[in-house]
Amino acid sequence: MTKATRPTTITCARCGNEKAVGRTGPIPTFCSAGCRAALGYDRSRQDGRYERRLKASRKRAQEEREANATPCPYCGAPMTNRRRVQCGLEACRLRAAADRMRQLQRDYKAEHGVWMRHRYPESQRAATLRRLQKHGHWRKQYPERAAAYDARRRALIAQARTDEMFAPLDVHTRDGWTCQLCHEPIDPSTTWPHSKSPSIDHIIPLSRGGSHTMANVQSAHLGCNSSKGDRLLGVVIQGLRGEAEETVTRE
């Protein structure tokens, strides 16, 4: 019986490269484990096994995500992605960003004792004054927008106006020249557009159906009034009071 001759080299069945064969052990067909795996992958793509397994795997993953879906904290829509903190709608995305910024401000104040925007108040005020001196007030920069804003404002006041007549001085005198948002005194000598100048704030904004009456107006700093915007008082009063107390403590 003739003994088979063991080859010294083999040619890889996939890449065609030569590979040395050892003296013992089975004779390999491929030059490396990578070529063996690659050939198996190519064959699975050709006969359709790869697509079937991939489709089944994706279906199982989708079923698991749907079974473990969590509701969006803002709108209640189901979220299948565990990493998401909101469902992805524009309104939910904006609310989540606002919550992140508020939490960032709270963490910063807890660590440093001041609000983040109050870290460099002097330089911020100086930058604001330089910007006003260079460019002027926005009403002077954009007179058309200012005229349109005033027209909308007059229309809202006309819709909400009653037979009750009063002047801003009546409101400030009634409230003792005290800002009803931050509870800090108002200096009558401060003129517009200074943030501490006196202004009249509507408790229920005109855009939300409030009336232009003494019962619905209050004294406020111009800056506090602008920060409040068209929101209701309960949404912003705590934040404004906290900022005012922080300013007094720092000064």
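Computed from heavy atoms alone, side chains included, the values below leave out hydrogens, waters and symmetry copies.
- The structure places CG of L132 at 10.5 Å from NE2 of H194, a figure rounded to the nearest 0.5 Å.
- Taking W177 as the reference, H172 meet the ring-ring contact (aromatic ring centres under 6.0 Å, His included) condition, with sequence neighbours excluded.
- With rounding to the nearest 0.5 Å, the separation of NZ in K109 from NE2 in H112 is 13.5 Å.
- Checked by atom type and distance alone, the side chain of D170 pairs as donor or acceptor with a backbone atom of A167 at under 3.5 Å.
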Let me see the working for E144 and Y149 under side-chain contact (heavy atoms from CB on, under 4.5 Å), right down to the final yes or no. CA-CA 9 Å; E144 296 83 3; Y149 172 82; over 6 Å; no
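- Between the OG atom of S219 and the CD1 atom of I186 there is a distance of 5.0 Å, given to the nearest 0.5 Å.
- Of all the heavy atoms in A13 and F30, the pair that sits closest is CB-CE2, 3.8 Å.
- For residues 38-49, every residue pair satisfying the side-chain hydrogen bond (donor to acceptor under 3.5 Å, both in side chains) rule, not counting sequence neighbours, is listed here: Y41-R45, R45-E51, D47-R49.
- Looking at residues two or more places apart in sequence or on another chain, you find a salt bridge (Lys or Arg N to Asp or Glu O under 4.0 Å) between D150 and R139.
- Close placement of the H212 and F166 rings is indicated, their centers lying within 6.0 Å of each other.
- Residues I27 and I10 are in side-chain contact: their nearest non-hydrogen atoms beyond the backbone lie under 4.5 Å apart.
- With rounding to the nearest 0.5 Å, the separation of CG in N216 from CG in L206 is 7.5 Å.
- Every residue two or more places apart in sequence or in another chain was checked for a salt bridge (Lys or Arg N to Asp or Glu O under 4.0 Å) with R106, and none qualifies.
- In this structure, R58 contributes its side chain and R53 its backbone to no donor-acceptor pair below 3.5 Å.
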Q.
Between T178 and E184, is the side-chain contact (heavy atoms from CB on, under 4.5 Å) condition met? List the steps.
A. CA-CA 6 Å; T178 301; E184 288 296 305; over 6 Å; no
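- With Q62 as the partner, the side chain to side chain donor-acceptor pair (under 3.5 Å) test is satisfied by one option alone out of K59, R60, R65: R65.
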List the atom pairs, with distances to 0.1 Å, where a side-chain N or O of residues 87-100 and a protein N or O form a donor-acceptor pair under 3.5 Å, not counting sequence neighbours.
unit_1	atom_1	unit_2	atom_2	d
E90	OE1	R93	NH2	3.0
E90	OE2	R93	NH2	2.7
D99	OD1	R102	NH2	2.4
D99	OD2	Y74	OH	2.6

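- For the pair M79/P73, a side-chain contact is recorded, criterion being any heavy-atom separation below 4.5 Å from C-beta on.
- Side-chain contact between D187 and K196 is absent, with no heavy-atom pair separated by less than 4.5 Å.
- The line from CG of L222 to OG of S197 is 4.0 Å long, rounded to the nearest 0.5 Å.
- Judged by distance alone, the side chain of H202 and the main-chain N or O of I204 form no donor-acceptor pair under 3.5 Å.
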Can you check side-chain contact (heavy atoms from CB on, under 4.5 Å) on H221 and S199, steps first, answer last?
CA-CA 6 Å; H221 292 121; S199 69; 5.9 Å; no
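- With hydrogens and angles ignored, the 3.5 Å screen pairs a side-chain donor or acceptor of N225 with a backbone N or O of I200.
- Around the CE atom of M214, the shell of radius 6.0 Å holds more than 12 heavy atoms that belong to other residues, nucleotides or ligands.
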Residue pair V217, D201: steps toward the side-chain contact (heavy atoms from CB on, under 4.5 Å) verdict: CA-CA 5 Å; V217 295; D201 169 55; over 6 Å; no
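- Applying the side-chain hydrogen bond (donor to acceptor under 3.5 Å, both in side chains) test to pairs two or more places apart or on separate chains, none has a residue in residues 6-35.
- Contact detail for C224 and L181: the closest heavy-atom pair is O-CD1, 3.6 Å.
- With contacts defined as side-chain heavy-atom distances shorter than 4.5 Å, the pair C182/C179 qualifies.
- Within 6.0 Å of CZ in R208 there are more than 12 heavy atoms belonging to other residues, nucleotides or ligands.
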